[in-house]
Amino acid sequence: MIKLLIADDEPLVQIGIKSMLNWADYGIEICATAMNGAAALELIEEYSPDIVITDIRMPIMNGLELVKTCRETYGRIPLFIILTSYEEFELARQALSYEVVDYLIKLELDAASLSQSVHHALKRLEELKATETSREGGRPLLQTFLDKFFLRLLHNLFDNEEQFLIQVKDLGLDFSDQYYAAAHCEIVEYISREMTHEQLMNLYASTLQMVKDILNRYLSCHVISLDMKHFSVIFHFPSIGSEERRNMMDAIHNAGTMVHNYFNVHLTVGIGSMVDAPLKISDSYQDARIAFSSATVEEPYQDYDQVKPESIKNSFNITLFKNDLTRAFEEFDSAVLHDTLSQIMDLFLLSPLRYLQAIDGACNILYLALSMLPGGEETISGIFSEDADGYRSIYRMGNVEQVVEWMARLRDGLCDTLKSKRVTYKEHVIANVQKYIQNHIEERLTLNEVAAVFGLSPNYLSVLFKKTCSVGFSEYIAQMKVSRAKSMLLEQDMKVYEVADRLGFESAFYFSKVFKKVAGVAPREFIQQKTEEG
């Protein structure tokens, strides 16, 4: 059961929340209640609740201090739903900067609004726990994996449809809808504010979470973080028509209004054309970036179908370099990365009047690096640590020459990183692949499938595995399956055909053949030997 803690200094409010919903229907148990923030903090340490509903005004320690302390101490769980009044709006807005799920006005609190907030909390909790679970599953963190998947989808970086489908299945994603559209979005501050890096991160994360929550109330979509200023959205549509397009526009307008009211920022958005297949989403995203180049503060939402044809010159199609860029980031190949980025920079210099195209290209390379490199945010922030605004300095570049100079710094810094971390990164990749194999040993594993799960080319994984482990990929899987088979045969007293079926072999005969090749004896001989020894 998911554990819920209620913190409010009014007993009637506590009773009301307890009785307002049938919590068991949500898979939730109320583990404790508290009359103030300090008591709540002690109970959180004792019970480790998943969700906390707290009043923002309480004695000793208020709800805002409670959320802040828990974020610093425990990270992103527990999730918080804030109870507040109209006059406490500013405090509620501060609470949102700590990624609270929602805030509810006490006077308007009813079963419907509470249920909606709880559903949002459960959905976010599922996402966060999936991320934690993946730490143990022998692959990169799920969120990092999702980011890489969506960056590949937006930029058409999949090798083939098979690789796409394998990753969709492994990540538990649904791309069964009939139509899709992409959007490219920017978070723009209305007023100049001196903010620390941490404050900017909080502002961006809170804005993005609110956008995500609002958009998902209207229609199915995925929101993808690009950097601390930009994000993309992939909308899913079961059918196509004026109503679907209107729902999407209403969602975007509502999200823009809400983030302005709460965080004093606004959104500029470019919306791409409708496409009828997932692997065409990159076409819609290309259209979205073309539309985005026409967006202004006065007209922040631009639809590709309505932009002027000359805007097409402002978008840089990075897919022309996808093979080299994918190889460079996958294999930590600094030479390929240096050559590829140098080629792109030379192209920009040949067209010094195409400033917007150069900015678009540089930003998309930045997004790829942030997402596809382990620790990309930290690495690239380090490259631009001398700039007050870090890698966001790209948005200050006023002409093509300045953009190219910025790209040269990025290129050289990335190449140094790739050189220094190449060996340890390869070892880390293989260690994760081995752990993934061990955790999925009862499945039928192929080189193509495992390579696709990790976003690697099968040939690269095969060569890297052999070089690092001194044993081939298929041979390693055979060894692991036979090792598991031995324990099944001896400790679980399973039949040979049962073990063969459990471990994903096509037949008991083939299983016996592999077993004998690895162990030196057939399964029944192995059992007999161990029985005689015992």
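For the numbers below, each heavy atom of this structure counts, side chains included, while hydrogens, waters and symmetry mates do not. Source: prediction; values computed, not measured.
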Are D360 and S293 close enough that some pair of their side-chain heavy atoms sits under 4.5 Å apart? no

Minimal non-hydrogen separation, D174 against S176, with atom names: OD1-OG, 2.6 Å

M210 pairs by side-chain contact (heavy atoms from CB on, under 4.5 Å) with which of D213, L208, I214, T207? I214

M397 versus E405: any side-chain heavy-atom pair under 4.5 Å? no

Between the side chain of S284 and the main-chain N/O of A182, is any donor-acceptor distance below 3.5 Å? yes

Parallel, tilted or perpendicular for H253 and Y301, by the 30°/60° rule? perpendicular

Determine yes or no for a side-chain-to-main-chain donor-acceptor pair under 3.5 angstrom, with Q167 supplying the side chain and A452 the backbone. yes

Taking C-beta and beyond as the side chain, do T268 and I187 meet within less than 4.5 Å on heavy atoms? no

Where the side chain of S393 meets the backbone of G390, is there a donor-acceptor pair that is under 3.5 Å apart? yes

So, do W406 and L366 sit near enough that their side-chain heavy atoms are less than 4.5 Å apart? yes

Give me the ring orientation class for F175 and Y180: parallel if the planes are under 30° apart, tilted from 30 to 60°, perpendicular past 60°. tilted

Distance only, no hydrogens: is a donor on one side chain within 3.5 Å (strictly under) of an acceptor on the other, for H184 and Y285? yes

Answer yes or no: is there a donor N or O on one side and an acceptor on the other, between the side chain of K481 and the main chain of I441, under 3.5 Å? yes

Could you walk me through whether C221 and V233 pass side chain to side chain contact (heavy atoms under 4.5 Å, CB included), step by step? CA-CA 7 Å; C221 66; V233 186; 3.9 Å; yes

Please check if the side chain of E475 supplies one atom and the backbone of V471 the other of a donor-acceptor pair under 3.5 Å. no

If you apply the rule side chain to side chain contact (heavy atoms under 4.5 Å, CB included), what do you find for F149 with F158, and how did you get there? CA-CA 9 Å; F149 170 85; F158 286 105; 3.5 Å; yes

Find out whether I271 and D287 are in side-chain contact, i.e. whether some heavy atom of one side chain is under 4.5 Å from a heavy atom of the other. no

I want to check something: taking the side chain as every heavy atom from C-beta on, are F237 and R245 in contact at a cut-off of under 4.5 Å? no

Can you find a heavy atom in the side chain of H338 that is under 4.5 Å from one in the side chain of S334? no

Intermediate values then yes/no, side chain to side chain contact (heavy atoms under 4.5 Å, CB included), N254 and R217: CA-CA 11 Å; N254 196 9; R217 292 177 190 177; over 6 Å; no

Are F80 and R71 packed together at the side-chain level, in the sense that at least one heavy-atom pair is separated by less than 4.5 angstrom? yes

Taking the side chain from D177 and the backbone from Y179, do they hold a donor-acceptor pair closer than 3.5 Å? no

CD of Q343: more than 12 outside heavy atoms within 6.0 angstrom? yes

Let me confirm one number: the CG-CG distance from N459 to L464, rounded to the nearest 0.5 Å. 11.0 Å

What is the distance from atom CE of M345 to atom CD of E401, rounded to the nearest 0.5 Å? 12.0 Å

For side chain to side chain contact (heavy atoms under 4.5 Å, CB included), just list the numbers for L173 and F150, CA-CA rounded to whole Å, side-chain angles, deciding distance to a tenth of an Å, and then say yes or no. CA-CA 11 Å; L173 299 172; F150 284 117; 4.2 Å; yes

Flag, side chain of T468 to backbone of F465, donor-acceptor distance under 3.5 Å: no

